[in-house]
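The chains referred to below are lettered A, B, ... by the order of the sequence lines, with proteins before strands, and numbering in each begins at 1.
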Amino acid sequence: MSRKRIVLIDGSSMIKEAFYSLPADGANGVRNLLMTILEKKEADYLAIAFSSGVNSRPVVEQELKAQEERLKEMAVSLKATVLVKEGYESSDILASLAKKHSEEDSDITLITKDRRLLQTAAEHVTIQVPAMGEEGLFLKTYGTEDIQNEYGMKPKLLKEVFALLTAEGLGERTACKLIKQFESVSNLYEHLEEVESLRIKDILKTFEDKIRKEETSLILKEDCELCLDFTKSISEAEIQEIMDMDFVPAEFPDDENESSVSASFHVVTDLSEAEDIFSKCISADRLGLQLVIEDKAISALSLCFGETDSYCILPEGLLSRDYLAGKAEEICKKSGHVTVLDLKSQLPYLKLDAGSSVIDAGVAGYVLNPLKDSYTYKDLAEDYLNMTVPSKVDLIGKATTSRAMIDNRENGVSYVCYLSYVAYLCGERLIEALKREEMETLFHEIEMPLIYSLFSMETAGIQVERERLKEYGDRLKIRIKELEEKIYGETGETFNINSPKQLGEVLFDHMKIPGGKKTKTGYSTAADVLEKLSSDYPVVSLILDYRQLTKLNSTYADGLATYIGPDERIHGTFNQTITATGRISSTEPNLQNIPVRMELGREIRKVFVPKEGCIFVDADYSQIELRVLAHMSGDSRLINAYKQAEDIHAITASEVFHIPLNEVTTLQRRNAKAVNFGIVYGISSFGLSEGLSITRKEASEYIEKYFETYPGVKSFLDGLVTKAKESGYAVSMFGRRRPVPELKSSNFMQRSFGERVAMNSPIQGTAADIIKIAMIRVDQALKKQGLKSRIVLQVHDELLIEAYQDELEDVKELLTNEMIHAADLDVSLEVEANVGESWFDAK
DNA sequence: CCCGTCACG
DNA sequence: ACGTACGTGACGGGA
């Protein structure tokens with residue numbers, strides 16, 4: 001008889017791993033693992049262990065705990081045994097069972113995130129640990145040989161290595177070397193004098209207490225007397241049964257009290273019936289409304305003013321599209337509390353302005369949690385109503401609503417009704433949540449009015465000279481061809497230069513150019529790698545040029561051309577609910593990354609021109625993020641630095657290196673600039689050393705000196721991290737929040753990332769708040785003063801206005817004035833403004 | 001559909 | 001030892 005295959009999963013540690021790598025879905029992550037094992041028939045017996053509440057490590061979040069409970073239920077439904085024992089951690093249970101059953105006729109596999117279990121590897125015991133590989137997360141298997149290969153020792157000794165690793169400054173290789181030499185931590189300390197390296201000896205002395213303490217906590221209890229009941233082995237039939245079950249997350253609601261949809265949905269095509277609904281809407285105290293717009297036309301109006309009914313009004317017969325739009329607008333203007341979803345897309349038909357009291361549920365959802373990737377009615381229903389509803393795709397697939405009304409009217413009506421139904425139910429909840437989180441002002445005073453300003457900017461669009469863009473592209477194409485020939489000549493073969501894979505092979509394999517740095521998939525051919533080689537290998541220079549030209553051609557010359565409309569203008573989309581920090585983003589096309597740094601690319605800006613009779617006025621904040629930092633930190637020296645002179649990077653250099661301002665060298669200024677950037681990004685010596693190509697040691701010296709010079713900045717940044725760790729989110733000056741779940745990660749890299757984010761988000765977020773305020777005020781002032789000039793672009797710290805010639809002076813004054821006074825900081829906001837006949841000239 | 005690359009602030 | 005600077009979007013290549 002063959003050996004029994006027992007698979008034991010460390011539920012407590014695995015759910016935590018899955019929880020952090022697949023946010024909020026730890027339970028499903030581990031369930032999928034169970035399913036895979038069953039599917040592949042890798043186990044005759046499957047059990048999952050959990051730490052008992054009492055003795056487990058501090059429970060980090062409620063959410064994680066809740067997911068653990070969910071997972072237990074799932075495991076039972078999958079016929080896996082759930083193992084819990086008072087006073088034992090999940091890892092103790094696994095260790096005990098492995099020891100007990102490997103002596104019988106069983107092969108044991110332990111799946112765990114807890115590396116301590118590696119010490120239990122033995123002849124019939126292997127351990128699988130989640131690891132990052134080329135294909136993402138996978139399970140790495142460790143048997144005794146694997147451990148011998150990787151660590152060069154017997155599994156039992158690993159405990160000693162892990163204990164040493166708790167000392168800061170001691171790496172895995174060093175720890176292994178020490179244990180191979182001394183065999184145990186206690187023996188090592190007895191023979192400490194035999195350690196050659198002074199540095200290591202020093203570390204070992206400093207951390208002796210910590211290491212010895214850790215050594216004891218690494219001992220796994222192997223005396224847990226749980227028994228596996230093999231009569232409950234999973235049969236073939238049962239596996240089949242489980243596989244046949246249709247598992248969807250919805251079968252495991254995370255809340256027993258989930259709300260359900262109880263409303264009835266109605267379709268209305270009759271005028272008098274519609275009028276009856278409209279009048280009820282106008283007298284309702286709250287309502288959800290949605291004009292469904294597809295292909296620039298209204299395909300339905302969705303209305304909901306009570307929990308019991310939702311209406312889908314279709315443009316048929318006497319109910320013309322214009323009539324529906326007019327009615328929807330009237331309702332929005334007359335009713336007090338209207339909630340819609342994606343207001344900006346409806347503004348072409350709902351002629352509202354920032355004075356309206358309508359709120360956008362999607363934007364509210366974004367303010368409450370900017371990390372989500374969508375804010376559809378389904379998302380909002382899940383997050384704020386605890387309700388699972390079918391998504392748009394579930395109901396009508398990829399069809400349009402009007403198509404669905406013909407092919408599958410019932411689902412089409414459902415979809416339309418859900419829009420206003422969810423908006424109706426969410427409205428109040430969202431406002432309550434915003435109040436609770438102290439973001440109501442941010443929402444009402446900044447985010448809601450911004451919708452109208454963004455709409456205005458999109459509607460205005462920006463004129464682009466089609467012919468000139470084409471000529472530019474043609475010039476590029478000629479030079480690209482020439483470069484291509486030269487490169488093929490130099491390399492002696494034809495290949496696709498735009499393929500990093502092929503390029504890497506040609507350069508580093510065929511031509512044997514040294515210094516091929518690796519990425520996950522092969523050689524890195526990124527610009528910073530190639531630049532280091534370009535002086536020795538002319539062909540590399542050609543390739544860099546080629547890259548630059550093809551980028552300009554595909555993304556900008558050809559790319560932009562496809563977006564020029566019949567009005568000779570590009571009307572891009574400015575998204576308000578994308579970024580984690582509060583910035584806006586730009587798509588189709590991205591008008592926020594038009595080249596400027598390199599001369600050749602900058603030329604493209606010549607094709608962005610004002611229309612006849614107009615001229616561009618461009619204004620951008622100088623150093624807004626550093627000014628925000630100076631203000632928020634309250635560091636008096638940094639604030640004074642801004643008060644006394646213009647060139648902040650030079651002053652920083654002068655103060656940090658203690659040299660007179662007029663003696664600061666170009667290099668010193670450059671270094672100081674990089675440090676300033678680093679501070680804003682959430683400083684790390686590693687990052688700074690990369691940015692400046694200096695050693696990490698030098699980089700940390702710069703940072704140290706910087707913090708000595710500006711101690712207020714240091715305490716401010718430390719405070720940001722501490723507060724974010726306590727509260728779970730970073731906050732801007734105007735109360736904008738960004739959750740930073742990474743701060744709780746047990747993974748060093750992720751946690752460090754969280755710390756940088758906690759330092760950067762309040763700064764970037766505050767700058768974003770400020771320009772949003774400026775933008776709203778400029779837009780509203782233009783309109784209020786009856787000026788025809790309009791904002792056409794926003795590029796994070798820059799506003800571009802297409803100004804009518806006769807309004808030029810007013811516009812210049814208004815624009816700079818509103819930008820400068822958008823926020824009252826301890827350092828003044830400075831704005832650089834320029835006028836020009838193209839975006840190129842106005843910069 | 002993901003990755004590497006590169007354009008911007 | 002870990003192997004990153006913060007925030008975005010578009011493109012081409014290659015599974």
What contact category does [X] fall into here, base, sugar-phosphate, or nothing, at under 4.0 angstrom with non-hydrogen atoms?
X: Ala768(A); answer: nothing
X: Ala674(A); answer: base
X: Val680(A); answer: nothing
X: Ser524(A); answer: sugar-phosphate
X: Ala527(A); answer: sugar-phosphate
X: Gly678(A); answer: base
X: Glu690(A); answer: nothing
X: Ile578(A); answer: sugar-phosphate

Just the rounded figure in Å: distance from [atom2] of [N] to [atom1] of [X].
X: Leu793(A); N: dG9(B); atom1: CG; atom2: P; answer: 12 Å
X: Ile594(A); N: dG9(B); atom1: CD1; atom2: P; answer: 11 Å
X: Asp373(A); N: dC2(B); atom1: CG; atom2: P; answer: 12 Å
X: Asn747(A); N: dG3(C); atom1: CG; atom2: C1'; answer: 12 Å
X: Ile543(A); N: dT5(B); atom1: CD1; atom2: C1'; answer: 14 Å
X: Leu552(A); N: dG9(C); atom1: CG; atom2: P; answer: 20 Å
X: Glu755(A); N: dA5(C); atom1: CD; atom2: P; answer: 16 Å
X: Ile584(A); N: dG9(B); atom1: CD1; atom2: P; answer: 14 Å

Salt-bridge test for [X] and [Y]: reply yes if a basic N is under 4.0 Å from a carboxylate O, no otherwise.
X: Glu484(A); Y: Arg547(A); value: no
X: Lys606(A); Y: Asp841(A); value: no
X: Lys697(A); Y: Glu701(A); value: yes
X: Asp528(A); Y: Lys532(A); value: no
X: Glu160(A); Y: Lys180(A); value: no
X: Lys477(A); Y: Asp558(A); value: yes

Is the shortest side-chain N/O distance from [X] to OP1 or OP2 of [N] below 4.0 Å?
X: Arg696(A); N: dG3(C); value: no
X: Ser761(A); N: dG7(C); value: no
X: Arg756(A); N: dC6(C); value: yes
X: Ser752(A); N: dT4(C); value: no
X: Arg547(A); N: dC6(B); value: yes

Would you please indicate yes or no on a ring centroid separation below 6.0 angstrom for Tyr706(A) and Tyr702(A)? no
Any idea which of dG9(B), dA7(B), dC6(C) is nearest the Phe753(A) side chain? dC6(C)
With the side chain defined as heavy atoms from C-beta on, Arg605(A) is closest, among dG3(C), dC8(B), dT8(C), to dC8(B)
In B/S/- notation, 5' to 3', how is nucleotides 10-15 of chain C contacted by protein heavy atoms closer than 4.0 Å? BSSSS-
Ring geometry between Trp839(A) and Phe608(A) (parallel below 30°, tilted from 30 to 60°, perpendicular above 60°): perpendicular
Test of understanding: with salt bridge (charged side-chain N to carboxylate O under 4.0 Å, His left out), list the residues that count as partners of Glu742(A), not counting sequence neighbours. none
Please give the distance between the C1' atoms of dA7(B) and dG3(C) as a whole number of Å. 25 Å
Nearest-angstrom distance, P atom, dC3(B) to dT4(C): 14 Å
So what's dA1(C) paired with, Watson-Crick or G-U wobble, going by both distances under 3.5 Å? none
